[in-house]
Amino acid sequence: MLKPAKMQCSAPRSSPFQHYKEHSEFFRVLFFLLPQARPRPNYSSIMHVRVRFAPSPTGFLHIGGARTALFNWLYARHTGGTFILRIEDTDAARNTESAVNIIIEGLRWLGLEWDEGPQTSNADGRSMGQAGPYFQSRRSAIYQARVEELKMKGLAYEHEGAVKFRMPREPITINDLVVGEVRRELTDRESKDPDFVIVRSDGQPVFHLVNVVDDLEMDITHVIRGEDHLSNTAKHIALFNAFGTPPPRYAHIPLILNTDGSKMSKRDQGASLISYMQEGFVPEAVANYLCLLGWSPKDNREILAQSEIISRFDLPQILRHNARFDFTKLRWLNWEYIRSMERDRYLKLAVSAMEQAGFDLSKVPPDYTAAALLTCKEKVQQLSELASLAGFYFRDDMTFEESVRAKEFNPESGACLLRLKSSLEALDLFSADHIQQVLKRLAAESYVKMSVFVHPLRVACTGSTTGPSLYHLVEILGKSRVIHRLDQALALCG
RNA sequence: GACCCUAUCGUCUAGCGGUUAGGACACCGCCCUUUCACGGCGGGUGCACGGGUUCGAGUCCCGUUAGGGUCGCCA
């Protein structure tokens with residue numbers, strides 16, 4: 001089996017110069033003699049790229065599917081081509097409008113706008129593009145005509161009420177842009193009966209048929225999909241051949257596995273894109289992370305602007321092996337995006353995360369909310385962590401876990417809190433600086449470290465031993481709230 | 001069972017015959033420090049195994065092993 005060079009560029013395979021690097025001396029001379037020959041012809045200028053994401057609306061958008069969509073989108077943007085969304089809703093039983101909506105909202109959240117496809121989840125609703133309908137459930141006539149065509153050509157036949165396609169018995173060679181040249185032989189089971197069903201006995205066309213017909217009718221030039229379809233591709237190529245149309249270029253991208261290396265299925269943690277939307281992830285961070293699975297900018301950088309990814313992204317450099325999903329690294333990336341996020345956008349996302357966690361901020365002064373949430377901006381990896389980190393700002397009564405209560409509140413800390421209370425009460429200007437001065441002074445007077453006062457104060461104010469910068473949080477809470485909380489804590493000190 | 005793909009630190013990756021095998025996340029130590037962090041400095045960990053080819057192999061070839069995928073009247 002011949003494996004083509006991994007670094008083969010986007011140039012059409014027909015180019016005799018694609019391996020010029022391997023014969024540099026020879027071609028250097030050749031290029032000199034033939035100035036019209038370019039080492040890297042620009043693929044996009046030769047052909048207008050049309051790619052599609054074709055999910056089945058199952059009520060779920062798999063993170064791997066999201067990455068497939070992302071890679072298609074990136075390739076379209078990279079080449080100046082067209083990104084198409086097609087809904088493969090041939091299985092009527094489990095397809096609902098809300099299931100389509102999950103796909104649409106997921107893609108929009110990730111920022112993957114499509115150039116052609118539905119604009120709403122309604123199969124008969126508005127759409128963009130001239131190659132519609134973009135719902136397979138509305139393309140029955142097209143499939144029927146194509147099946148008739150195959151029958152006429154003697155390439156399909158009735159069998160027990162279904163229609164079967166005459167699959168070639170010879171091995172089929174797939175020329176994959178990522179995997180390379182793959183010679184696919186029939187399996188032993190297929191050898192017994194190579195022909196496969198393209199229309200079920202109930203009249204419904206099956207995936208292999210509709211997928212190929214749509215790619216053909218929609219002039220899809222590149223099929224970028226998960227590697228789980230690599231073996232099926234032989235069937236698809238055979239179908240294209242049967243229709244007398246050259247197949248598109250294929251690019252099978254590696255799969256995303258669980259951390260333990262097992263296949264990521266629906267039920268696995270983090271398998272659904274919706275979970276990221278709900279758990280405080282920033283779409284750019286998720287997209288950035290997804291890009292790094294199976295693709296690399298090769299310059300030791302992890303955080304990349306979308307525009308940069310678009311200009312660098314290409315199919316031949318995609319890795320061939322599966323990647324395990326590293327939730328910890330995603331969280332780190334998300335933190336990087338949150339901390340460098342523009343203030344107002346952060347506030348918007350932070351407020352909605354708090355509301356999602358059950359906090360009603362509608363009656364809280366906006367300035368207070370903003371100041372409070374801003375103290376946590378660089379401290380959360382997911383926006384959903386805000387509820388526990390900043391919750392104390394928005395609660396009237398502190399609750400203390402038994403362990404915290406036993407450890408932090410005792411006669412000694414009570415004494416500290418009492419002095420803290422009178423000193424803070426006397427403070428005219430309740431600012432972080434002045435509050436810090438008070439702590440410093442008290443510690444100096446008692447010949448103890450600041451932490452002797454810092455710790456009880458933090459626990460009294462926030463209910464926790466960790467949190468935002470103490471002096472700022474005390475300032476933001478304001479004198480009356482702080483005094484009230486000190487009283488509450490004092491009552492627990494015995 | 002058959003067919004197909006894959007194999008560099010724990011994870012994501014750089015590497016395209018000659019490297020002290022680089023980076024990131026995670027982890028450990030020290031410094032800074034009002035907590036948790038951030039930041040700074042330093043550290044450990046890797047070419048699955050076995051054969052070839054070659055002066056020289058992480059890199060090319062073959063095999064083994066392991067992982068993943070496919071073989072539906074699912075998509």
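Numbers restart at 1 for each chain; the letters A, B, ... are given by sequence-line order, proteins then strands.
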Less than 3.5 Å apart, any donor N or O on the side chain of A:Asp195 or A:Tyr157 sitting next to an acceptor on the other? yes
Could you tell me whether the side chains of A:Asp433 and A:Tyr471 share a donor-acceptor contact shorter than 3.5 Å? no
Distance between P atoms of B:C3 and B:G44 (Å, rounded): 46 Å
Between B:C62 and B:C4, how far apart are the P atoms? Round to whole Å, please. 13 Å
Can you label the angle between the A:Tyr289 ring and the A:Phe325 ring as parallel, tilted or perpendicular, going by 30° and 60°? perpendicular
Measure distances between side-chain N and O atoms of A:Asn322 and base N and O atoms of B:G68, and say whether any donor-acceptor pair falls under 3.5 Å. no
Suppose you measure atom C1' in B:C74 against the same atom in B:G69; what distance do you get, rounded to whole Å? 16 Å
Between the base of B:C73 and the side chain of A:Ser201, is one N or O donor paired with an acceptor at under 3.5 angstrom? yes
Return the value, rounded to whole Å, for the distance between atom CZ of A:Phe325 and atom P of B:A26. 15 Å
Does either side chain, that of A:Thr96 or that of A:Ser98, offer a donor lying less than 3.5 Å from an acceptor on the other one? yes
Going by a 90° cut-off around 0, is B:C38 syn or anti? syn
If you find the nucleotide of RNA chain B closest to A:Leu293 and the one closest to A:Lys379, which residue's nucleotide is nearer the 5' end? A:Leu293
Taking the side chain of A:Leu255 as its heavy atoms from C-beta onward, which of B:U34, B:G69, B:C73 lies nearest to it? B:G69
Answer for the Watson-Crick or wobble partner of B:A48, both distances under 3.5 Å, is B:U64
Mind telling me whether A:Phe281 and A:Phe327 have parallel, tilted or perpendicular rings, with 30° and 60° as the class edges? perpendicular
Kindly state which residues belonging to residues 450-466 of chain A come within less than 4.0 angstrom of RNA chain B, counting heavy atoms of the residue only, listed by number. A:Val454, A:Arg458, A:Thr465, A:Thr466
If we take the C1' atom in both B:G18 and B:G50, what is their distance in whole Å? 24 Å
If you measure only the distance, is there a donor-acceptor pair under 3.5 Å linking the side chains of A:Tyr393 and A:Thr375? yes
Can a side chain N or O of A:Arg301 be found less than 4.0 Å away from OP1 or OP2 on B:C25? no
Taking 4.0 Å as the cut-off, does a side-chain nitrogen or oxygen of A:His321 come that near to OP1 or OP2 on B:U13? yes
Taking only the P atom of each, what is the distance from B:G39 to B:A57 in whole angstrom? 42 Å
So, is the end of the A:Arg331 side chain (NZ or CZ) under 6.0 Å from the ring centre of A:Trp335 and within 45° of the ring's axis? no
For B:G1, the Watson-Crick or wobble partner whose two distances fall under 3.5 Å: B:C71
P atoms of B:U19 and B:C32, separation to the nearest Å: 41 Å
Tell which nucleotide pairs with B:U20, taking only Watson-Crick or G-U wobble pairs whose two distances are both under 3.5 angstrom. none
Ranking A:Asp326 and A:Lys263 by the position along RNA chain B of their nearest nucleotide, the one closer to 5' is A:Asp326
So A:Phe196 and A:His208, would you call those rings parallel, tilted or perpendicular, with 30° and 60° as cut-offs? perpendicular
Can you tell me the distance, in whole Å, between the CZ atom of A:Arg184 and the C1' atom of B:C5? 12 Å
So what's B:G29 paired with, Watson-Crick or G-U wobble, going by both distances under 3.5 Å? B:C41
When rounded to the nearest Å, what value does the distance between P atoms of B:C41 and B:C25 take? 13 Å
Side-chain donor-acceptor contact under 3.5 Å, A:Ser191 with A:Asp188: no
Using Watson-Crick geometry (N1-N3 plus N6-O4 or O6-N4) or G-U wobble (N1-O2, O6-N3), each under 3.5 Å, B:U53 is paired with none
What interatomic distance, in whole Å, is found between C1' of B:C31 and the corresponding atom of B:U13? 31 Å
Could you state the atom-to-atom distance from CH2 of A:Trp335 to P of B:C25 in whole Å? 9 Å
Here the distance between atom P of B:A66 and atom CZ of A:Arg324, to the nearest Å, is 15 Å
Using atom NZ of A:Lys192 as one end and atom P of B:C71 as the other, report the distance to the nearest whole Å. 16 Å
